[in-house]
Amino acid sequence: MSQSQAAVDARSGIPLTTLSEDELMFRASVREFADGELRPRVREMEARAKLDPALIKQCFDLGLMGIEVPEEFGGAGASFFSAILAVEELSRVDGSVGVLVDVQNTLVNNALIRWGNPEQQKKYLTQLASESVGAYALSEAGSGSDAFAMQTRAVDKGDHYVINGQKLWITNGNEAKVFILFANANPEAGYRGITAFIIEKDFPGFTVGKKEDKLGIRASSTTELILEDCKVPRENVLGEAGKGYKISIETLNEGRIGIGAQMIGIARGALESAIAYTAERQQFGKPINQFQAVQFQLAEMATQLEAARLMVYNAARMKDAGINFVKEAAMAKLYASRAAERISSLAIELYGGYGFVKDYPVEKYWRDSKIGAIYEGTSNMQLQTIAKLLIGK
Ligand SMILES: Cc1cc2nc3c(=O)[nH]c(=O)nc-3n(C[C@H](O)[C@H](O)[C@H](O)COP(=O)(O)OP(=O)(O)OC[C@H]3O[C@@H](n4cnc5c(N)ncnc54)[C@H](O)[C@@H]3O)c2cc1C
């Protein structure tokens with residue numbers, strides 16, 4: 001019996017949402033942190049469009065920045081599913097902190113765990129689990145969905161590479177010290193020239209550019225990166241030169257489940273707010289949740305959230321079991337981002353006029369939900385992945 005089959009058999013008959021003792025304890029600790037430490041800071045971080053550095057430190061101290069990092073490097077040595085639980089719980093309170101932790105775990109740490117050599121893992125995973133925020137830099141002004149059309153170039157100079165170009169839209173750009181950055185080192189070979197590099201913030205020729213002023217997840221920094229004759233030691237090539245396309249595709253396949261988790265967290269936050277508000281708000285002499293139309297709206301929201309959650313949990317459990325999860329991950333992100341947008345929009349309507357103003361939390365959930373259809377592959381790109389796998393192209 002294969003290892004993955006054993007993992008499946010061990011879980012057979014267990015509902016997807018049933019958590020192990022360890023998962024329950026972990027989720028409870030993240031929930032306590034999110035409600036106790038994060039919630040009181042959300043409004044100010046949103047208004048200042050900046051994450052509180054003290055909160056980021058707390059994320060490290062709690063082990064949230066190295067969930068899957070092996071214990072020998074100071075990480076928690078936990079599963080991918082645990083990272084998904086953390087992103088969901090944090091995003092229920094704030095999607096910006098949700099994506100900070102998501103990018104760190106599902107993209108940056110994951111890429112190093114999978115493709116880093118022993119020296120790179122020792123050096124960078126140790127930092128990433130304890131003090132350094134990471135970022136993942138693929139997109140450029142002219143290449144988003146068509147990511148492999150990137151114009152950033154790396155020239156092999158023997159013991160180092162010289163990189164020139166600009167990246168755009170990079171999450172954690174302002175906080176990060178370690179960047180997984182993709183550049184083409186052999187443009188004649190097309191996408192087979194794309195190479196992944198590990199770049200430190202203070203490498204010569206590397207600067208962080210303009211920060212975007214965004215609709216949602218406003219406290220999360222999204223920045224430009226500028227590389228002007230940036231000198232990167234040869235030992236900082238991640239995986240093999242020319243295999244960056246594979247690293248980027250495979251990392252994003254996993255990352256997508258994390259965005260699904262961010263979306264179900266946002267949707268849960270919106271639904272919980274709507275349930276509480278509709279129990280309190282009185283019209284026509286009774287709480288508005290006594291009207292059947294309102295009850296049905298809440299029931300629709302809860303049903304869509306449940307479906308999204310099952311899809312996200314299933315894709316994550318498949319990943320941990322070593323089963324091919326690419327289609328399910330794309331479906332989970334697609335569905336969860338749509339569900340989050342619908343649920344948070346309905347939450348605004350259930351708050352009436354109060355839903356439309358910043359004194360109440362639901363308009364933020366809606367603004368934060370919008371990013372789910374855009375990053376780590378737009379909804380059209382998810383549909384393309386799903387369709388290709390369906391028709392076998
Ligand atoms: C807040 C934020 C954070 C981000 N964080 C990161 C990050 O950390 N790292 C990173 O590398 N990138 C990041 N991105 C970039 C993000 O991944 C891209 O914005 C996304 O991939 C879309 O690319 P684009 O913006 O160039 O849109 P385009 O690719 O220009 O797409 C525009 C529209 O055209 C559609 N479209 C394009 N091609 C096709 C096609 N073949 N078929 C059908 N429809 C198509 C798209 O679906 C979309 O609706 C972030 C973006 C934002 C807004």
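Remember, it's 1-based here, ligands and their atoms both numbered in the order they're listed.
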> Taking the six-membered ring of Tyr351 as reference, does the NZ or CZ atom of Arg281 fall below 6.0 Å from its centre and within a 45° cone about the axis?
Replying inline: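 No; the conditions do not both hold, so Arg281 does not lie above the ring face of Tyr351.
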Within the structure, does [X] bring an N/O atom to less than 3.5 angstrom of an N/O atom in ligand 1?
X      : answer
Leu138 : yes
Thr222 : no
Asn380 : yes
Tyr375 : no
Asp146 : no

Is [atom] touching the protein, meaning some protein heavy atom lies under 4.0 Å away?
atom                    : answer
atom 29 (O) of ligand 1 : yes
atom 47 (O) of ligand 1 : yes
atom 33 (C) of ligand 1 : no

Atoms of ligand 1, numbered as shown, that sit under 4.0 Å from any heavy atom of [X]:
X      : answer
Gln384 : 41 (N)
Ile371 : 1 (C), 2 (C), 52 (C), 53 (C)
Lys214 : 1 (C)
Glu376 : 17 (O)
Met381 : 38 (N), 39 (C), 40 (C), 41 (N), 42 (N), 45 (C)
Ser145 : 23 (O), 28 (P), 29 (O), 31 (O), 37 (C), 38 (N)

>> With heavy-atom distances below 4.5 Å as the criterion, would you say the side chains of Arg342 and Glu300 are in contact?
In response: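 With C-beta onward as the side chain, the pair stays apart.
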> Can you tell if the side chain of His160 reaches within under 4.5 Å of the side chain of Arg234, non-hydrogen atoms only?
Replying inline: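 No. Closest side-chain heavy atoms not under 4.5 Å.
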> In terms of the angle between their ring planes, are Tyr245 and Tyr191 parallel, tilted or perpendicular, with boundaries placed at 30° and 60°?
Replying inline: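 Rings of Tyr245 and Tyr191: perpendicular, as their planes differ by over 60°.
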> Parallel, tilted or perpendicular: which describes the rings of Phe179 and Phe206, with under 30° parallel and over 60° perpendicular?
Replying inline: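 If you compare the ring of Phe179 with that of Phe206, the planes turn out tilted.
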Report the member of [options] with the shortest heavy-atom distance to [atom].
atom                    : options                : value
atom 8 (O) of ligand 1  : Val108, Ile374, Thr171 : Thr171
atom 6 (C) of ligand 1  : Phe182, Tyr136, Trp169 : Trp169
atom 26 (O) of ligand 1 : Gly216, Ala141, Gly144 : Gly144

> Is it true that Val103 lies under 4.0 Å from ligand 1, counting heavy atoms only?
Replying inline: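 No; Val103 lies far enough from ligand 1 that no heavy-atom distance drops under 4.0 Å.
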> If you count the non-hydrogen atoms of other residues, nucleotides and ligands that lie under 6.0 Å from NZ in Lys370, is the total more than 12?
Replying inline: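 It does not: Lys370 NZ has 12 such atoms or fewer within range.
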> For ligand 1, is any non-hydrogen atom under 4.0 Å from Thr378's backbone (N, CA, C, O), its side chain (CB onward), both, or neither?
Replying inline: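 Looking at Thr378 and ligand 1, just side chain atoms fall under 4.0 Å.
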> Using 4.0 Å as the upper bound for N to carboxylate O, is an ion pair formed by Glu37 and Arg41?
Replying inline: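 Yes, Arg41 and Glu37 are salt-bridged.
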>> Tell me the closest heavy-atom pair linking Ala183 and Ala154, and the distance in Å.
In response: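 The pair with the smallest heavy-atom distance is CB-CB, 4.1 Å.
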>> Show the nearest heavy-atom pair for residues Thr251 and Thr106, with the distance to one decimal.
In response: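 Minimum heavy-atom separation between Thr251 and Thr106: CG2-O, 3.9 Å.
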> Sub-3.5 Å donor-acceptor pair from the side chain of Gln120 to the main-chain atoms of Val237, do we have one?
Replying inline: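 Yes, the answer is positive, given that a donor and an acceptor are paired below the 3.5 Å cut-off.
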>> If we ignore hydrogens and angles and just use 3.5 Å, is the side chain of Ser91 paired with the main-chain N or O of Gly265 as donor and acceptor?
In response: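 Looks like no, no N/O pair under 3.5 Å.
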>> Which residue and atom name correspond to the protein heavy atom nearest atom 15 (C) of ligand 1, and how close is it?
In response: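 Scanning the protein heavy atoms, the shortest distance from atom 15 (C) of ligand 1 goes to Ser139 OG, 3.2 Å.
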> Side chains of Ser143 and Gln151: donor-acceptor distance under 3.5 Å anywhere?
Replying inline: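 The criterion, which ignores hydrogens and geometry beyond distance, is not satisfied for Gln151 and Ser143.
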